[in-house]
Undergrad: 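Take this structure, written in structure tokens, and hold onto it; I'll ask about it next.
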There are 2 protein chains.
Amino acid sequence: MDKISDYRVLIPMLKEERHDFILNEVKVRNRVLLTDLAVKLNISEDTVRRDLKYLDEQGKIKKVHGGAISTSYHLYTYKEQEIYAHENKSVIAQKAHALLREGQVILISGGTTNLEFARLFPKNIKATIFTPSLPVAMQLLEHPNVQTIFIGGRLSHEAQIALGGETIQTISQVRADLCFLGTGQLDPVHGLTEFDWEVVQLKKAMILASKKIVSLTISEKINSIQVYKVCDARAIHTLITELNPGDPFLDPFKQLGLEIL
Amino acid sequence: MDKISDYRVLIPMLKEERHDFILNEVKVRNRVLLTDLAVKLNISEDTVRRDLKYLDEQGKIKKVHGGAISTSYHLYTYKEQEIYAHENKSVIAQKAHALLREGQVILISGGTTNLEFARLFPKNIKATIFTPSLPVAMQLLEHPNVQTIFIGGRLSHEAQIALGGETIQTISQVRADLCFLGTGQLDPVHGLTEFDWEVVQLKKAMILASKKIVSLTISEKINSIQVYKVCDARAIHTLITELNPGDPFLDPFKQLGLEIL
DNA sequence: ACTGAATTTGCAATTTTTTGCTGCATTTTG
DNA sequence: CAAAATGCAGCAAAAAATTGCAAATTCAGT
């Protein structure tokens, strides 16, 4: 992020570029502060104000006192309990874009980080995505280039995902290039763990069905343990957190041979 | 971890964000204390008071001494204002309650009327419900007594339902007591018709899988025709509209032997 | 390359909005 | 009934928005 903003300070942006940048910021963060934008874009607050006003008139964003918020944000019930963690999850979701290739078959499990990943999935990449998560599927329907296949079965009220024998049976018939695995708890020694036995079975099946396992994990879930084990940490090929890849906090996983992004 | 919590405190919230936050709090716990909100949002109680006053004037919450409570549970929950002819659909959904019995196995297709039916499904009735509709499934998850089973498959971007061979295959394995069929167009002579061939296949499968077919139909969809035929009007056992059962408009269906509610 | 119009951008002065505070009225609670 | 808690109105400081204007930039047409 720092790299990018430095770059931005030196080169003045065209109006259209600014607009795109602002729209992206709003999309990713759901809200932006006017002052932040002025600093990031290295232009006066007045210009930002004018940009926001224009984008508001276009209906692209909603301008409010002190900044702007996403218009689509209110529509669907997207309960974002912890605002701070949401920022991190957006960062993680965007890092994960680096792994995507045209035409991949992808498995995505549940969880709010994966939901964020689904929301921010690049609009221009074609992919076939299997998921047992209701909210993830809902998000993916917003992406015209994504072929979404819901893995059916008995739905869990709390987790809002399909669970049970039929679901696992269906997953076993899939061959995916990538699997984005939601993280319960992650520990270098005890691996990936969960508190729900059925979720463990589901995730095991997803791992078996995929060539490459990616774990999107906010750092606060690292170094904690739950009762049931899904897999060893080694079974995860790529670990993506909101931290800098060089952060010593992640060293134990690096030593296990995981790719860190 | 300290970093994160400090970070949260330092970021000022926009007024609209606070409003969203408060609405969500009210929705989740039905009541909120003014002092709690002031602490959580890290602003003065006066500001919270003003926020609550504003939201009260908007009718979103009810302000009471020392905090606020939820007005009625269904105000902020869904985009129900956007559902066309919502009033009528609510009436229809409630009439349909008369058909429900404890422990039934039920099939529900897509459509906004069925969505409304799912939303208003009696909280106290136990049932097992199969559906290929994403929004319907989401609504059903709010009902603890309902076992929801999603019929998976390739998802249609527009209709937000699962379609295709796998979906139909799964439906064919179900034996349901009741099937609530969303209506494309309904005509006494030409029967139930749709403009999407795949949806037709899906509905045919649902009809085969159910003992009794119920059609929830707003009256304006009656006496119009589309290209593909799902079934004869006679195949429908019970027709529920927003009209009075004795309305002469419904006579043609009565003569065909349909039960009218 | 030069001109001149149109657009864009930044600046300063003014207005509006937001927010916290003080003092006082009102309600709740023991 | 009295003490504590809550609500309310007005006020002032800070932040943000608006307005008018001038400098800078872009760009078409010579």
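Each chain gets a letter, A, B and so on, in the order the sequences are listed, and its residues count up from 1.
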Undergrad: Under 4.0 Å between any heavy atoms, over every strand shown, what does A:V64 touch: base, sugar-phosphate, or nothing? Just pick one.
TA: sugar-phosphate

Undergrad: Any non-hydrogen side-chain atom of A:L34 less than 4.5 Å from a side-chain atom of A:R49?
TA: yes

Undergrad: Given the ring of A:Y54, does A:K15 sit roughly above its face, with NZ or CZ under 6.0 Å from the centre of the six-membered ring and within 45° of the axis?
TA: yes

Undergrad: NZ of B:K15 versus P of C:dT19: gap in Å, rounded?
TA: 7 Å

Undergrad: Given C:dT19, is OP1 or OP2 found less than 4.0 Å from the side-chain N or O atoms of B:S44?
TA: no

Undergrad: Could you measure the distance from the CD atom of B:E142 to the CZ atom of B:F121? Nearest 0.5 Å is fine.
TA: 14.5 Å

Undergrad: Nearest whole Å is fine: how far is D:dA17 P from A:Y54 OH?
TA: 20 Å

Undergrad: Starting from P on D:dT25, measure out to CD1 on A:I43 and report it in whole angstrom.
TA: 15 Å

Undergrad: Quick one: bend of the helix from C:dA1-D:dT30 to C:dG30-D:dC1 from 5 pairs per end, to 10°?
TA: 40°

Undergrad: Across the strands shown, which category fits A:K63 at heavy-atom distances under 4.0 angstrom: base, sugar-phosphate, nothing?
TA: sugar-phosphate

Undergrad: Do A:T241 and A:T217 have side-chain atoms, one donor and one acceptor, less than 3.5 Å apart?
TA: no

Undergrad: If you assign A:H65 and B:K53 each to the DNA chain D nucleotide with the nearest heavy atom, which residue ends up on the more 5' nucleotide?
TA: B:K53

Undergrad: How close or far is atom C1' of C:dG20 from atom CG of B:L41, stated in whole angstroms?
TA: 15 Å

Undergrad: In whole angstrom, give the distance that lies between atom CG of B:D51 and atom C1' of D:dG7.
TA: 15 Å

Undergrad: Find the distance between CD (B:E45) and CG (B:L37) and round it off to the nearest 0.5 Å.
TA: 10.0 Å

Undergrad: Mind checking whether A:F195 and A:Y228 have ring centres under 6.0 Å apart?
TA: no

Undergrad: Grab the CD-P distance between B:E16 and C:dT18 for me, whole Å please.
TA: 8 Å

Undergrad: Once you round it to whole Å, what is the distance between C1' of D:dT6 and CG of B:D36?
TA: 14 Å

Undergrad: Whole angstrom is fine here: how far is it from CG in A:L37 over to P in D:dA15?
TA: 18 Å

Undergrad: More than 12 non-hydrogen atoms from neighbouring residues, nucleotides or ligands closer than 6.0 Å to NZ on B:K62, yes or no?
TA: no

Undergrad: Taking donor-acceptor contacts at under 3.5 Å, does the side chain of B:R50 reach the base of D:dG7?
TA: no

Undergrad: Record whether the side chain of B:R49 comes under 3.5 Å of the base of C:dG20 through a donor-acceptor pair of N or O atoms.
TA: no

